[in-house]
Number of protein chains: 2
Amino acid sequence: MKKYEIILQDLERKIFDDSYPVNEMLPSENELAEQYEASRSTVRQALKILEENGLIQRRHGLGSIVISHEKLLFPISGLTSYKELQASMGFTSETEVIIFGELEVTAELAKITGFPENELALHILRRRKVDGKFSILDRDFFLKREAGMLDINHAKASTYEYLEGVLGLDIAYAKKEITIDFASEEDFDLLDLNPSDRHVVSVKSHVYLADNTLFQYTESRHQVDRFRFTEFARRQKR
Amino acid sequence: MKKYEIILQDLERKIFDDSYPVNEMLPSENELAEQYEASRSTVRQALKILEENGLIQRRHGLGSIVISHEKLLFPISGLTSYKELQASMGFTSETEVIIFGELEVTAELAKITGFPENELALHILRRRKVDGKFSILDRDFFLKREAGMLDINHAKASTYEYLEGVLGLDIAYAKKEITIDFASEEDFDLLDLNPSDRHVVSVKSHVYLADNTLFQYTESRHQVDRFRFTEFARRQKR
DNA sequence: GAGTGGTCTAGACCACCAC
DNA sequence: TGGTGGTCTAGACCACTCG
């Protein structure tokens with residue numbers, strides 16, 4: 001474990017267990033450097049991450065203050081698999097695999113997914129039942145070339161666990177888009193929508209590997225009244 | 001101007017004008033350090049920001065590669081005022097101030113805004129006309145104590161320009177939440193909703209100053225078919 | 001003026017990747 | 001094996017805030 005990670009985790013722990021309470025100052029960078037027997041830059045590397053994650057606010061000439069951090073506030077921002085989300089939010093749900101197949105990328109599909117035409121792709125359609133109602137419909141396309149021996153059992157459990165853990169894929173970043181779309185017939189068929197609903201929330205993502213290959217396109221369709229997105233945003237200084 | 005900012009801006013420019021084309025490697029950190037007559041750490045500080053902003057992808061042992069960056073892709077993520085959004089996206093719109101008033105924070109309002117009870121707050125309600133239709137309704141509450149002489153003319157133009165530029169407030173971060181809410185009577189009155197619409201997209205934000213004061217609560221209600229949110233997200237390694 | 005964080009340097013060593 | 005980025009150090013100076 002790297003030194004800055006040790007410092008980071010220790011500070012995180014102390015913030016969450018109130019050793020460093022909200023609205024109180026952390027020790028100064030020099031003090032922390034001494035405490036952890038590290039250089040000031042190493043301490044600063046850890047503090048930088050705490051700041052990005054919305055746990056502290058640093059102020060020139062003053063110090064670092066702890067920000068309020070009700071943990072429930074950060075559920076769905078970032079690039080997180082459904083399984084991880086479920087674990088960190090502490091809810092349970094069932095996943096049903098509806099389609100698990102392979103297909104060739106048509107011109108039309110290439111336009112949507114960004115995959116090269118005629119490539120082979122995995123096509124997975126799953127629905128998630130939360131609190132007794134099917135409220136999320138997930139459609140994934142994976143580049144077959146990268147996804148290897150991904151099979152239906154991984155689709156039932158966690159695709160990312162297999163892709164990262166077993167295949168060692170280095171999933172790097174995603175471009176996400178949220179819009180409100182008209183509910184399709186398929187949505188009505190497969191989700192427990194309210195009869196009066198006309199719309200679903202659609203979250204579309206293009207996911208890239210560290211080597212810059214586009215590797216996954218996914219669309220997640222949510223019942224409108226069960227959708228919630230939260231974000232911690234910092235003001236850009238220019 | 002700080003050295004790393006100069007390097008950052010120069011690299012940004014070269015990426016956007018295709019001096020460094022998409023999918024090509026940047027020069028190595030050592031080369032850049034030499035070119036800009038800077039230390040490697042200073043170059044790295046600039047590269048870090050390029051990576052956060054989704055312009056490059058760095059790879060251990062290889063180098064930094066330029067990522068595709070259709071600029072239109074990043075409109076509404078982060079903490080950006082409506083005026084700035086409008087400018088960067090290049091669309092025009094009209095803003096109509098419907099309410100500009102002062103009120104005391106009631107217990108009920110305190111719960112929603114997070115402001116202390118009995119404080120004085122500014123209350124501003126505005127609607128935005130885009131492409132000939134009123135499609136966004138913005139309700140702001142500012143802590144009167146901080147917002148000074150903010151007046152109706154600032155509300156017509158840009159509140160942030162006044163608060164940051166004139167008052168010198170240091171706006172630091174926001175906690176945002178997006179949900180789909182039922183359209184209220186007020187929404188129907190003030191927005192050009194489709195008669196069949198039952199919902200609006202609600203974006204609620206608590207905005208904080210650098211000294212950690214909660215300073216603004218704002219809710220932005222959007223016509224569903226005109227709402228779009230995009231985000232660049234990196235995968236967390238843990 | 002004393003203490004804080006912000007910037008910058010020069011140099012070292014390590015981990016990763018390609019040839 | 002050589003080049004790349006990732007981590008870490010010790011030290012310097014600057015810019016900001018407060019008493």
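Not measured: the values here are computed from a predicted model.
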Run the numbers on K204(B) and E231(A) for salt bridge (charged side-chain N to carboxylate O under 4.0 Å, His left out), then give the verdict.
-> CA-CA 10 Å; K204(B) 305 180 182 73; E231(A) 181 189 38; over 6 Å; no
Criterion salt bridge (charged side-chain N to carboxylate O under 4.0 Å, His left out) on R235(A) and D170(B), from CA distance to verdict | CA-CA 9 Å; R235(A) 176 91 172 138; D170(B) 192 356; over 6 Å; no
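Salt bridge annotation for K144(B)-E104(B): absent, with no cationic side-chain nitrogen under 4.0 angstrom from a carboxylate oxygen. A salt bridge is absent between D211(B) and R59(A): the closest approach of a Lys/Arg side-chain nitrogen to an acidic carboxylate oxygen does not fall below 4.0 angstrom. The pair E29(B)-R58(B) meets the salt-bridge criterion, since a charged nitrogen lies less than 4.0 angstrom from a carboxylate oxygen. Look at E52(B) and K48(A) and you find a salt bridge, because one of the NZ, NE, NH1 or NH2 atoms lies within 4.0 Å of a carboxylate O, short of that distance.
Rounding to the nearest 0.5 angstrom, the gap separating the CG atom in L32(B) from the CZ atom in R44(B) is 12.0 Å.
Note: F229(B) and F229(A) meet the aromatic proximity criterion, with ring centroids under 6.0 Å apart. Ring centers of Y173(B) and F232(A): under 6.0 Å apart, within the cut-off.
Looking at heavy-atom distances under 4.0 Å, E5(B) makes no contact with the nucleic acid at all. Note on E37(B): only backbone sugar-phosphate atoms sit closer than 4.0 angstrom, heavy atoms only; bases stay farther off.
As a whole-Å value, the separation of M25(B) CE from dG3(D) P is 16 Å. Taking atom OH on Y4(B) and atom C1' on dC14(D), their separation rounds to 14 Å, with Å as the unit. Distance CD (E51(B)) to P (dG5(D)): 12 Å, rounded to an integer number of Å. Atom CD in Q57(A) sits about 18 Å away from atom P in dT4(C), given to the nearest Å. Atom C1' of nucleotide dT9(C) and atom CD of E29(B) are separated by 15 Å, given to the nearest angstrom. Across the protein-nucleic acid pair, I56(A) atom CD1 and dG5(C) atom C1' stand 11 Å apart, rounded to whole Å. In this structure, CG of N30(B) is placed 12 Å from P of dG6(D), rounded to the nearest angstrom. Spacing between atom NZ of K2(A) and atom P of dC8(D) amounts to 8 Å, rounded to whole angstrom units.
Residue S28(B) places at least one side-chain N or O closer than 4.0 Å to OP1 or OP2 of dT4(D).
Each of E31(B) and K3(A) lies near DNA chain D, and the nucleotide nearest E31(B) is the one positioned closer to the 5' end.
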Per-nucleotide protein contact string for nucleotides 11-19 of chain C (B base, S sugar-phosphate only, - none; heavy atom under 4.0 Å) | -B--BBSS-
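Inter-axis angle, ends of the helix from dG1(C)-dC18(D) to dA18(C)-dT1(D), five pairs per end, rounded to 10 degrees: 10°.
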